[in-house]
Structures are given as structure tokens and as C-alpha cells.
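Computed over heavy atoms, backbone and side chain alike; hydrogens, waters and symmetry mates excluded. Indexing begins at 1, ligand by ligand and atom by atom, following the structure's order. A quick note: this is a predicted structure, and the numbers were derived from the prediction, not measured. Numbering starts at 1 and runs along the sequence shown.
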Amino acid sequence: MQLDPEDEQILAGEQGETRQKMLELLVALGKVFGAERLIPIRSAQVSGASYKTIGKYGLDWLTSLDAKAVVPAVLNPIGMPRGRWREMGIDPDFAKKQQAVVAAYERLGIRLECTCTPYYLHETRYGDHLAWSESSAVSYANSVIGARTNREGGPSALAAALVGKTPCYGLHLAKNRKPQLVIDVHADSSHWTIADFGALGYHAGKFVGNRVPFFRGIRPDPDQLKALGAAMAATGAVALYHVEGITPEAQRISYDISGLNVIPVEMTEISCLFKEIPVDAVAVGCPHCSPAELAEIARLLSGKVVTKPLYVFAAQGVIDKNKNSAAVIEKSGARVYADTCMVVSPAMEQYPSIMVNSGKALAYVPNMCGGKARIGTIADCIRVATE
Ligand code: F3S
């Protein structure tokens, strides 16, 4: 792998042991995947932030590091809202450990914006090289924005943040961004909701695996694309997809899709996922809500009172800029929490059954929270939470 003089300096330990070790990790990763060089990144998004997922060994490793991020870097959702953890019913012992994880990242210069939607907070542009790790954020960056990132692990994203570079392989290279199969959706999707696109992603991820699909027959908006990609990254390992006439690379690049395998998807394969089971709590905001989603939830909740716990998750920066929506939602008795989500917070494990409007949450809640999950539209979620 070609390294520039600054890389050689770092490898020689001239910028400290942590940066040396981090660059060694990136070089080793690059060699495994055949990267010829490192490339500068515009930003990093670091997973491995919830104490629920990294535990004691992760925390010990983080506290042993000593360097500062050299590019804007944010954190993935953690196990609790930083300011309102008592209210969410978080165990004080867990909170103490989670705060130690947050403090360790803060010392490393990682911004305490704990979210899977960093693209709402910091401008990310077409063609930017990134080192992001949360799978829905990776999918959104690659597919909806046209930026370039591999699906990083927590340590490699952190290493990239501390060095400012990532190995140039995988989805950083145009040759690996071409469609590998076509999905023809045989359904009238003109009135589909975010949940419908989440359900399509839940279904498609299972047969797409880690390939790059090219969708035909749908016209999702950005929030619907977010839901589609998040779910495909959960049931499959899809880090990039294209939608004919919609996503930026499908608009700018004439991909040759003749000769690719074409897989039809019928409406019944989507609608069968909407099963009506009793639920104990409702959670929306997976991935974290956009301003438009917060406004829609506020509109649906206006003048109503919740009869079941209703959690809404969004980035703190998005909540701060949409205070009116958040206030209307909270007036109903629902809670708008930043920094965490229904999957990474241990508080959600108290509910035997959770209703969501997300294909990704439908896939993850049973394994990560131990309960059943039901998917419904946002309107259905609000109806169930207030009936
Ligand atoms: Fe984000 Fe948590 Fe869903 S990290 S994508 S809200 S599982």
C-alpha cells in the first residue's frame, strides 16, 4: 500500500502511540481488502457507543486510547438519553457505565451527537469519502446522498476519525458501486408510507444479501428511502442500492443493467408482514426521525393523550430545531428522546411486545430487546398508542 510521508511519520510513532496503532489497524484492513492507498475522509460516524453492546472490555479499550479526532466525528446512539436517563427508567449502574463510555469518546474528540442520522446535522455531499459505521447511516450516505463509505466497524471508524483517512477499497471505488441485480416491484406504491418501504426493505434484504440492488417500479421520497435502506441493511447487509430515476447515481450514471438477474416482488410479500398482534408500547424513530417525521407525529398526536408508552427517537440537533413538534408530542404524554433508540436502550427490554413503523426495528427488536415486534404505519402507531 502506498503511504505518504505523514502516514510514515504516524507509523513511526511520531504522533503518539494511539495514532500509530490506529493507522496500523487501517493499513492492515486495507491490505486484507487490497487497498492501494489511504484516502482523506470528510467525516466519521462511530458505532460501539452503547454500553449494552460494548460492555466492560470495550470501555477498557476506549479509555486506554489517547488522541483526538482530526475530522468531524459523531457517535452512534447510546443506551440512554444523556440528560433524561432517570425518566426513561435506566438502571443507575448502567447509566454510570454508559457515562464512562461517553466520557471516553469525548476525550477522543468525538462529538456527543449520538445519532444514526448525522446527515441531518452536518452537510454530507455527493462524492464525499466517509468512514461511517451504523448500517442505516451507511446506506443513506451511499444511496440517497451519493457519498462513499464502507460499512465500518466501530474500531475502524474510530481509527479513521483519529487519523483522518480510510483505506480506499470497496464502495470508495466506482467499479464496486454498480448494480448487481434488479428488483422489480409489482405494486402500486404511489400511496405507500414509510412503513411500507421499511417492509419492502425487510423482505428484499433477505434475498439481496450484500449485493447492490437496482429497484424499478417505486418512487420513494428521502424518508422512505431511509426506511428502505435501513431495513435492507438489517435483514441483509446492503450498504448501497439504487432506485431508477430517484437516487443520485441512478440519475447521473447510465448503469447497464441488461443481463442482471431480475427478481419480482409482489404486494402480498410486503402486506403479509403487517400482522396485528397486541402491543405493550410503541416506538418510532428507527432510523432517528427527520424534521418531517417529527412534524407528522405531532400532527397526528395533536389534542390526543397516549394510553400506552409512546417513544419517539431523534437526534438532539433535530429536536432542538423542531421544538414546536417536540412540545406537541410531549404534551400528549409521549416522550421524545435523543441519543438513544428502541434497539440499543435496555429500557425497551421491559416490554413483551413493541409496535414500530420501521422494517429495521421489526428485524432487530426481537433479538436485541427480547420482545415481539409489530410493524404498522405511523398513523397506526399513533392510533394504537392513543386508543
Ligand atoms: Fe438508528 Fe437505532 Fe434504528 S441506531 S437505525 S434507531 S436501531
- Query: Closer than 2.8 Å to atom 2 (Fe) of ligand 1, which protein N, O or S atoms?
  - Reply: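 For atom 2 (Fe) of ligand 1, the protein N, O and S atoms that sit under 2.8 Å away are Cys341 SG.
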- Go through the structure and list residues passing salt bridge (Lys or Arg N to Asp or Glu O under 4.0 Å) with Asp4, not counting sequence neighbours.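 Applying salt bridge (Lys or Arg N to Asp or Glu O under 4.0 Å) to Asp4 gives Lys165.
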- Which ligand 1 atoms are under 4.0 Å away from a heavy-atom of Gly285?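 In order of number, 6 (S).
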- Message: Looking only at side-chain N and O atoms, does Ser47 offer a donor or acceptor that is under 3.5 Å from a partner on Gln45?
- Response: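 Their side chains do not contain a donor-acceptor pair, so the 3.5 Å distance test is not met.
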- Task: Could you tell me which non-hydrogen atom of Lys52 sits nearest to which non-hydrogen atom of Val344, and how far apart they are?
- Result: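 So the minimum-distance heavy-atom pair works out to CD-O, 3.3 Å.
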- Message: Checking Phe197 now: which residues fulfil ring pair (Phe, Tyr, Trp, His ring centres under 6.0 Å) with it, not counting sequence neighbours?
- Response: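 If we apply the ring pair (Phe, Tyr, Trp, His ring centres under 6.0 Å) test to Phe197, skipping adjacent residues, the hits are Trp192.
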- Test item: Glu134 side-chain N/O and Asn76 main-chain N/O as donor-acceptor pair under 3.5 Å: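 Looks like no, no N/O pair under 3.5 Å.
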- Pairs flagged by ring pair (Phe, Tyr, Trp, His ring centres under 6.0 Å) wherever residues 95-121 is involved - sequence neighbours left out: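 Qualifying pairs: Tyr119-Tyr140.
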